[in-house]
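Take a look at the structure set out below.
Side chains are part of it too, since the values below use all heavy atoms of this structure and drop only hydrogens, waters and symmetry mates. The chains referred to below are lettered A, B, ... by the order of the sequence lines, with proteins before strands, and numbering in each begins at 1.
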Amino acid sequence: MMNGDGDEILVEEIKNGNDAAFERIFDRYRAPLYAICYRYTRNDADARELAQDIFIKVYRHIKTFDGRSKFFTWLYRIAVNTCLSFRRKNDRRPPAAPESAVSVPMEERIIMKKAIDEALDRLPKRQRMVFTLRHFDGYSFSEIASIMGITTGAAKANHYHAVRRLRSLLKEWL
Amino acid sequence: MSVCPYHRFAVDYAEDHLEPACREEYERHLAGCPSCRAEQSELGSLFALIDKEEIPYPNPEFWERVRQSMRNEPLSLGRRSWRWWFRFLPALVPILAAAWLFVVHNRPASTIDFHVPLENIVLSEDLDLLPLAALVDDSLYESMTVLEPYYEPDVDDALDELNDKQQKTLIIFIKEHYGQKS
């Protein structure tokens, strides 16, 4: 989980015209933001497109960041909103499962990955996003609520329903 | 069907989000509760399955292309000067006046009412709508164990498979806890 230490100083430097400071923000956040995009879209072509959109938006608007929230909350809000408003242009799917150290036969891994993809894809998009931020990124419900602009209760409820639904959808794999 | 009240800790435990004291208490409970152990085992399997996936991060060339795209973008100047608006003021005045009149005559109520009766949500939809429609607050989560008997995994989120008595009980429960906001 990102803690965003020093972000506000970097943003101040960007506002003062230091482009190198933006490079540091970019390097710090590109991997975690890409991970959110990938886990949300379940394929790398869409995730790349989203990641690029997000960073262009951030770059374009970073000087309007007014410090009323933590920088990473502002940044993740842009990422989350970009993901939630993303419409898949076509049903792009990766041709095969990514390489993994797990000793499961390739064919089974592909079927398993497809099952996981489909299960996550069948979650309503807010549930999917809350689950991603909570489960993979470890954010607290109040942080997720701030990022997504929903109540803490709604974040908890979305997560609860996401887990229940995943259990139900992936029952045969458990 | 009664559900062990400790079930509500199961997901947080599996995701390692429990505070140390709570975690210790839950682990003590787990040792003596077959129902929670079964729940924990299934959740553990679910998360192990989902966590197996590795993310295929893009290569450095992709990030360089993103950098290039950003460099081609005009940077927002932050606090823009607003004086240029003055140039359009003569044209804007009648437009703004017309817009103001339109808004005054067509303005909605100051609060957004949720017009779907609670019964309709419970009878035909699912609980997802309750928090999203702001009909309930944080205490919903705390009350999930109370709702659990009405919320079988096989039924998934659909509540329309409840029998009449269960539907009435659930409606009464939600109304008592959250009031009738619909």
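- In summary, the side chains of B:Y26 and B:Q40 do present a donor paired with an acceptor at a separation below 3.5 Å, with no hydrogens or angles considered.
- Cluster membership check: A:I9 does not share its hydrophobic cluster with A:V58, using side-chain heavy-atom separations under 4.5 Å among Ile, Leu, Val, Met, Phe, Trp and Tyr.
- Proximity to chain B (any heavy atom under 4.5 Å) is restricted, for A:R39, to the side chain, taken from C-beta onward.
- For A:Y139 and A:Y76, the ring centers sit closer than 6.0 Å to each other.
- Between the side chains of A:Q52 and B:S69, a donor-acceptor pair is found at a separation under 3.5 Å.
- In this structure, the portion of A:I116 lying under 4.5 Å from any heavy atom of chain B is its side chain and not its backbone.
- With a 4.5 Å cut-off on non-hydrogen atoms, B:E15 touches chain A through its side chain but not through its backbone.
- At most 12 heavy atoms of other shown residues, nucleotides or ligands fall within 6.0 angstrom of atom CZ in A:R24.
- Within the 4.5 angstrom heavy-atom criterion, no atom of A:A119 approaches chain B.
- If you measure heavy-atom distances from A:F55 to chain B, the contacts under 4.5 Å come from both the backbone and the side chain.
- Heavy atoms closer than 4.5 Å to chain B are found in the side chain of A:F136, but not in its backbone.
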